[in-house]
Amino acid sequence: MKEKSVTYILQEQTELVTLLSGLPEKYTLQKGEFSVATLSYMDTFDWRLYDKGFICLRQRRSVYVLTDFNGENIIEGEGPAQRNIFPLNFTTGVLGEKLQSVAGIRVLLPLAEIVRQSQSFQIVNRDQKVVLLGSFELNELVNSEGEPTFLSGSLRVQGVRGYVKILTRVVELLQSQGLEAGYSEERTLRLALASMGRKPLDYCSQFSIILDPAEAVIQAAQKIFLQLLDEMERNVPGIIQDIDTEFLHDFRVALRRTRSLLGSIKKMLPSADVDQFQRGLQEIGIATGPVRDLDVYLLGKKGYQAMLPEGLQEGLTVFFKELSRQRVQELRRMKKALQSRNCKQFLRRWRRYVEDSLIASAYAAGHEPCKEVAIKAIRKRLRSILKDGAGITSQSPDAALHGLRIQAKKLRYLLEFYRSLFPEAEMNSLVKSLKKLQDNLGSFNDLSVQQGMLGQHQKGLAGGEQKKAVQVAAALGGLITHLHEEQKGVRQEFEQRFKQFTTTDNRRFLICFFNEF
Amino acid sequence: MKIIAIYSSKGGVGKTATAVNLSYGCARSGKKTLLCDMDPQGAAGYYYRIRPKDSFNRKRFLKGDLEPFIRGTDFENLDLLPAHFSFRNLDIALDGRGGSANELKKIFTCVKDEYDVLILDCPPNMTLLSENIIMVADLVLTPVIPTTLSILSFAQLIKLADKLEVSRKKLVAFFSMVDKRKNMHSDTISKFGKKKMFLASEIPYLADVEKMGLFRQPVAVSVPASAAAMAYEQLWLEVWRKGSQL
Ligand SMILES: Nc1ncnc2c1ncn2[C@@H]1O[C@H](COP(=O)(O)OP(=O)(O)O)[C@@H](O)[C@H]1O
Ligand SMILES: [Mg+2]
């Protein structure tokens, strides 16, 4: 019976009967269900739902709905009742699956709370036949004193098949009162966020910055440093509360980017400054490393389980329990380090330095246009990767691959920092093929790090409960063997991947593009 | 799309009451349902409070131009194509088109993708239109008041099906407006009820069904959980089971 629906935005508090008071006489407005509910908008810290066009609302303690920006195409379901929720903890149903596929391993956080009054209604003709359906919504914000203020409203009308006339009439009626169609749910979310000084997508883990080709490189660096520092600082509360693993991950990526950029411009600055800050940044890196490493293993639990036969699973379970226990300890240590006066002071000092002294301290080289510096740096890095990579054969030591991985990572950071200075298409294709190479090198490295770590654990197993230790040792042995095999495969793939990297557009990029300058 | 025709050559046996209540049950079970009112009296449309559009007529119907004239009922998944006064001559018109028993099939092709089930509320007669209905339907459901006369008219239908070389399996009957206090009713049911063509479900003679004209709603809506609502629910389930076996 349902036809297309249109949603009109209400800019101010009004009443349904007022809006529809101009209906032709033969039609009657009938009110249906009325409800009042407190609703919380939920999303991940990095807006994964919003980014994909979804809005999640917690309706009651454990009832959730997922809608599109217009509040339609609803999926409803039961979920956990905690304040912050893991999509993975939705055990059943379409909603859980959808949330998991969009939010992944990130936790959904309550972002804003509103009170919604909904009134459904219908319009009937002289035969008392329903010829139009609708719902009327008023959303309010409630302050700490419990006083409501109007936030937004909407009027949705939905025609009934074969009864177009009345729909057209109502649409005319609403338009004549200045109402416009819009995405009601998205608008309400935006307004609720604005009341708290926020807006959708105000955090993004993907680094992006627009630079002016002519500005001094040190000025560009200042902008990038500040953006990275903001990113680090914004992730700290989530790390301390241990909301999900990605706060720490993003924090560490921003930290590494900072260190990489500082390294690449070190000749433009007094070495004492650079050394001092590199050391401080490195310390933070060291303090946050163990938890991240453990997170990586714990997140990969399913993968490890899949590597082992049934008989070795029990040892693996014991091993993972041990890792979780270690994480509790390491987390405590890391929190202490991040909340220490030392660390806070260092970050404050770094900010002050970047804001006030960086530009003034830079030598002449720092005042060259950033595009020129970028070209030189990228060209140098790209050339040396092409040269080193070409020299790697199946006989080369593992260290050669590790070296290349680090170079590739540095190139990647350079490309990310300076992306806005180059034509998009060429940049995208270079980044894409570099990414493929990095995947190979990264897997190779991860696999050897994992083997090393598992080996360490195996050695440390002496003592304790004999039977358990044997079980765990067997499981770890199994994993190491599996990982070793996998690593061999990755290594074999390297040459192929590298050839792809050299034969794709990158040489062209290098020659055509950089030689212009 | 399954087509279920509610058909009897006799009037006043409960065809429209059945079509209205079964179509509601069908839609409630989640199937996209179209109730097509073929009777120029327009009773099915009346029960759903739906009038035909002014521009609708027999010509449009015969052209298979149905889509613009379908209207939504007040219930999810249920639409209705109202009858038009000009349908009273549908027979003659069909005859004019060559007298084929397959005309209706062509007419309904335009809705076959949109609906899971098409329910036809048929006018009482035995003409070319009836032949068309028997040909096009996957199931011909006949309400039979438990009297000798009604049984006879059902027997006529069987003959017609044989003449058209249509499988007898399509023909299904049930006892309608049953009043067990009447000897004739209980006698007829005990005599014919066991026959394979008769469903186990019966629709008793109930005031709630009679009052449908007052409420203008299916009984499951006007008097939910009443004996009438349950009887039609039961009937729908059995019809659907039967239809799925075909
Ligand atoms: N089970 C029933 N109990 C009581 N009255 C019924 C029942 N079925 C139908 N009626 C009434 O009998 C009359 C004829 O029914 P209807 O469904 O219109 O028959 P048809 O469509 O076969 O002509 C209507 O007034 C209707 O309300
Ligand atoms: Mg009738």
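Convention: sequence-line order gives letters A, B, ...; per-chain numbering from 1. Atoms considered below: every heavy atom in the structure, side chains included; atoms not considered: hydrogens, waters and symmetry mates. Only a predicted model underlies this, so the values are computations on that prediction, with no experimental measurement involved.
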More than 12 heavy atoms from other groups under 6.0 Å of [atom1] on [X]:
{"X": "B/Phe85", "atom1": "CZ", "result": "no"}
{"X": "A/Arg190", "atom1": "CZ", "result": "yes"}
{"X": "A/Arg60", "atom1": "CZ", "result": "no"}
{"X": "A/Glu15", "atom1": "CD", "result": "no"}
{"X": "B/Glu238", "atom1": "CD", "result": "yes"}
{"X": "A/Lys98", "atom1": "NZ", "result": "no"}

Spacing of CZ belonging to B/Arg49 relative to CG belonging to A/Asn125, to within rounding of 0.5 Å: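 Going from the CZ atom of B/Arg49 to the CG atom of A/Asn125 covers 9.0 Å.
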Rounded to the nearest 0.5 Å, how far apart are NZ of A/Lys129 and CZ of B/Arg51?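 Atom-to-atom, A/Lys129:NZ and B/Arg51:CZ are 12.5 Å apart.
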Using a 4.5 Å cut-off on heavy atoms from C-beta on, say whether the side chain of B/Phe75 contacts that of A/Val130.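 No, every pair of side-chain atoms sits at 4.5 Å or beyond.
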Are B/Glu114 and A/Arg161 ion-paired here, with the side-chain N under 4.0 Å from a carboxylate O?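 A/Arg161 and B/Glu114: salt-bridged.
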Side chain from CB out, backbone as N, CA, C, O: work out which of these in B/Leu80 comes under 4.5 Å of a heavy atom of chain A, or both, or neither.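 Neither part; nothing is under 4.5 Å.
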For B/Tyr48, is it the side chain, the backbone, both, or neither that has a heavy atom closer than 4.5 Å to a heavy atom of chain A?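 Contact with chain A is through the backbone of B/Tyr48 alone.
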Shortest non-hydrogen contact between B/Asp74 and A/Gln128, atoms and distance: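 Taking B/Asp74 first and A/Gln128 second, the nearest heavy atoms are OD2-O, 4.2 Å.
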Let me know if A/Gln122 has heavy atoms under 4.5 Å from chain B in its side chain, its backbone, both or neither.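 Looking at A/Gln122, nothing touches chain B.
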